[in-house]
Amino acid sequence: MKLLVTGGAGFIGSNFARYVLSEHAGDSVVVLDKLTYAGRRENLADVADNPRFEFVHGAIEDREVVDAALEGCDAIVNFAAESHVDRSIEDPDAFITTDVIGTHVLLEAARAAGVGRYLQVSTDEVYGSIEEGSFTEKSPIDPSSPYSASKAGGDMLVQAYFRTYGMPALICRASNNYGPFQYPEKLIPLCVLNALAGDKLPVYGDGMQVRNWLYVEDHCSGIDTVLRKGAEGDVYNIGGPDECPNIEVVNRIIELTGRDESLIDYVTDRPGHDRRYSLSSEKTMTLGWEAKTRFAEGLERTVAWYRENENWWAPIRSGDYLEYYQRQYGQSLA
Ligand code: NAD
Ligand code: DAU
């Protein structure tokens, strides 16, 4: 199978490209990526010379580029998105362009080309917040942020293309990912790098918001399972095995980096902050998938990866990133 992996230079997409190339010897991968601040060729350095891999620089909202990249592909897996909630609160425009319009352009290109399979990589955030119990695929869509609303818009288009045009499309919705190659604007890599450098660890509000943590490799195996075994027109949740309040996540990072609690900095809460995410993945498990990595083990591996890969993150922690950090947190890094 030849896969078009859009957004494949980002965190999860690059892990997925690597996963497919190593797990499926007969498959090839074309990555199409706009290379925004979050997309980096370095994330794909170890597969760049693989004869079954190709990289195309371009945006999913650009139909000409998409048509060219799609030539000869059997399936599309769409990771391309603006993905950070805080940036969507600061400036939502790019979220609508990529997550909604970009998805629409991809669907139109897939329809014209008669692509055999379209998988939309979505998020549990489209369901909003849940105080008790867990979301299933039948839970109503109730997004809170411009980010989650833009992802919900993309999902609605995918569903409409299945119902109206019979597009062989599926959607998977995952919980919070963590692991190697995650851009350090998200809670875990931000706190790991700040802790290693001795910078403050910003905790929003009371730090008691709960997230359902999924190691990125488990997400990749879940996407791969849904892509190959899922039923057309269906939604599949891919949740992590453990839930944890943010303050406990931060405390575990402090332990793993040998720091102390004096680094914790309680800062103003995120507007519209979802209190808890929790996903039931029973339906995806009926396809034979399960998350293998418990949070304690995955976090240890993640901290070790960032410790060992300063050459990957050092160039990020400069320039635009420092400006973003100053705007977001009102303070500079050491
Ligand atoms: P990321 O921000 O690390 O990567 C996004 C990638 O998309 C980058 O390489 C970027 O350059 C590319 N991109 C952005 N706009 C583009 C455009 N218009 N055209 C082409 N490429 C474009 O994001 P991520 O964390 O890897 O998330 C990937 C996908 O998974 C997203 O769709 C996100 O909504 C979804 N998701 C993420 C998580 C998570 O915890 N990170 C959880 C569930 C679902
Ligand atoms: O649930 C899936 C979603 O998980 C994905 O769809 C998103 O792309 C991804 O960014 C993530 O969204 P969150 O908003 O949950 O992740 P983030 O890492 O930004 O924040 C995790 C929690 O930590 C959240 O409750 C906010 C809090 N937080 C975050 C940052 C960046 C802090 O307390 N301090 C921080 O500095």
Side-chain angles (χ1 to χ4, degrees), residues 5-16 31-41 43-44 56-62 65-66 69 77-89 94-95 97-99 101-103 105-106 120-127 129 143-145 147-148 150-151 154-155 172-179 181-191 194 200-214 216 219 223 238-240 244-247 249-250 264-270 273-279 325 328-329:
V5 176
T6 52
F11 163 47
I12 307 170
S14 62
N15 277 286
F16 181 73
V31 163
L32 169 65
D33 199 293
K34 190 177 181 176
L35 297 179
T36 66
Y37 74 94
R40 301 177 75 214
R41 296 293 299 267
N43 295 358
L44 294 159
V56 179
H57 184 200
I60 58 166
E61 62 273 21
D62 183 336
V65 168
V66 171
V77 185
N78 180 27
F79 292 89
E82 288 293 335
S83 69
H84 191 40
V85 173
D86 295 325
R87 288 185 193 256
S88 83
I89 294 167
F95 288 75
T97 303
T98 296
D99 304 4
I101 297 171
T103 298
V105 171
L106 275 184
Q120 179 78 355
V121 179
S122 188
T123 169
D124 61 357
E125 294 202 19
V126 300
Y127 298 122
S129 190
S144 304
S145 70
Y147 162 67
S148 48
S150 71
K151 291 296 292 185
D155 286 13
C172 54
R173 297 187 177 134
S175 58
N176 282 62
N177 280 223
Y178 67 104
F181 299 101
Q182 187 169 30
Y183 192 83
E185 62 189 350
K186 310 283 164 62
L187 179 70
I188 289 183
L190 184 144
C191 286
N194 282 17
K200 293 278 185 201
L201 311 180
V203 174
Y204 295 163
D206 63 3
M208 290 307 292
Q209 304 83 6
V210 172
R211 295 293 183 265
N212 185 182
W213 293 101
L214 175 67
V216 66
H219 189 191
I223 292 168
I238 305 178
C244 192
N246 293 339
I247 191 65
V249 174
V250 171
I264 294 176
D265 185 16
Y266 286 95
V267 298
T268 310
D269 207 352
R270 172 186 279 174
H273 198 170
D274 286 332
R275 195 71 181 163
R276 175 171 173 262
Y277 298 144
S278 177
L279 270 189
Y325 200 91
Q328 177 63 24
Y329 299 102

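Just so you know, ligand 1 is whichever comes first in the structure, and atom 1 is the first atom listed for that ligand. Numbers here are sequence positions counted from 1.
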Heavy-atom distances under 4.0 Å decide this one: backbone, side chain, both or neither, for Ala94 against ligand 1?
neither

With a 4.0 Å heavy-atom cut-off (strictly under), which part of Glu125 contacts ligand 1: side chain, backbone, both or neither?
neither

Atom 12 (O) of ligand 2 sits nearest the protein heavy atom Glu125 OE2, 2.6 Å

Nearest heavy-atom pair of Gly154 and Thr103: which atoms, and what distance?
O-CG2, 3.9 Å

Once you restrict to heavy atoms under 4.0 Å, what part of Asn177 touches ligand 1? Side chain, backbone, both or neither.
both

Checking a contact table here: which protein heavy atom is nearest atom 23 (O) of ligand 2, and how many Å away?
Asn246 ND2, 3.3 Å

A cation-pi test, strictly: NZ or CZ of Arg87 under 6.0 Å from the centre of the six-membered ring of Tyr37 and no more than 45 degrees from its axis. Yes or no?
yes

Which atoms of ligand 2 are found less than 4.0 Å from any heavy atom of Thr123?
1 (O), 2 (C), 3 (C), 5 (C), 6 (O)

Would Ser14 count as a contact residue for ligand 1, given that I'm defining contact as a non-hydrogen atom of the residue lying under 4.0 Å from a ligand atom?
no

Close-contact set for ligand 2 against Tyr277 heavy atoms, below 4.0 Å
1 (O), 15 (O)

Under a 4.0 angstrom heavy-atom cut-off, which atoms of ligand 2 come close to His273?
24 (C), 25 (O), 26 (C)

Heavy-atom gap Tyr183 to ligand 1 smaller than 4.0 Å:
no

Do ligand 2 and Tyr147 have nitrogen or oxygen atoms that lie under 3.5 Å from each other?
yes

Using a 4.0 Å heavy-atom cut-off, which part of Lys186 comes near ligand 2: side chain, backbone, both, or neither?
both

With nothing but distance in play, are any N or O atoms of Leu190 less than 3.5 Å from an N or O of ligand 2?
no

Heavy-atom contacts under 4.0 Å between Thr97 and ligand 1: side chain, backbone, both, or neither?
neither

Counting heavy atoms under 4.0 Å, the part of Arg173 that contacts ligand 1 is neither

Taking heavy atoms and a distance under 4.0 Å, where does Asn176 meet ligand 2: side chain, backbone, both or neither?
both

Mind checking whether Tyr147 has an N or O less than 3.5 Å away from an N or O of ligand 1?
yes

